[in-house]
Amino acid sequence: MAVDHPEAEKKCLGKKPLQPPETDPKKNPDYMGDYADWIQCMNAKGLKVDPLPNGEGWNFKAGTTPPRNADQISQECMIEAFSE
């Protein structure tokens with residue numbers, strides 16, 4: 001969106017919701033461990049993913065079809081992994 005509408009992006013920048021600090025590698029010293037737990041949880045619940053080596057996300061495993069509730073699984077596992 002910033003490419004198509006830079007002025008709108010600039011005006012709204014301070015209004016974007018902040019992500020929880022636990023999901024920020026710069027603020028969470030245990031980020032990579034929590035990230036590994038997130039990936040493990042998703043795989044255990046049937047959302048077959050491969051982690052990116054830098055901890056900034058994941059890709060679906062090649063040759064798999066994501067379940068219909070993939071977003072729900074990802075969200076639940078993220079909450080579980082990054083919560084205390």
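Sequential numbering from 1 along the given sequence is applied to the chain's residues. Note that the structure is a prediction, hence the values are computed from the model and not measured.
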All heavy atoms of Lys45 vs all of Cys77, minimum pair found to be CD-SG, 3.8 Å
Residues joined to Ile79 in its hydrophobic cluster, side chain to side chain under 4.5 Å directly or through other members, sorted by chain and number, are none
Heavy atoms of Lys48 and Asn43 approach each other most closely as NZ-O, 2.7 Å
Query raised in the report: Crowded around Lys27 NZ? As in, over 12 foreign heavy atoms under 6.0 Å?
Result: no
Ring centres under 6.0 angstrom apart (Phe82, Tyr35): no
CD of Glu76 to CG of Leu47, rounded to nearest 0.5 Å, is 11.0 Å
The reported gap from OH in Tyr31 to OG1 in Thr23 (rounded to nearest 0.5 angstrom) is 7.0 Å
Within 6.0 Å of CG in Asp71, more than 12 heavy atoms from elsewhere: no
Rounded to the nearest 0.5 angstrom, the CE-NZ distance for Met42 and Lys61 is 10.5 Å
*asked:* Tell me if a side-chain donor or acceptor on Trp38 pairs with a main-chain N or O of Glu80 at a distance below 3.5 Å.
replied: no
Heavy atoms, side chains only, cut-off 4.5 Å: are Glu22 and Ser83 in contact? no
Closest heavy-atom pair, Asn54 versus Met32, reported as atoms and distance to 0.1 Å, is O-SD, 4.3 Å
Heavy-atom nearest pair, Ile73 first then Pro67, reads CD1-CG, 4.0 Å
With sequence neighbours left out, the residues meeting side chain to side chain donor-acceptor pair (under 3.5 Å) with Asn28 are Asp34
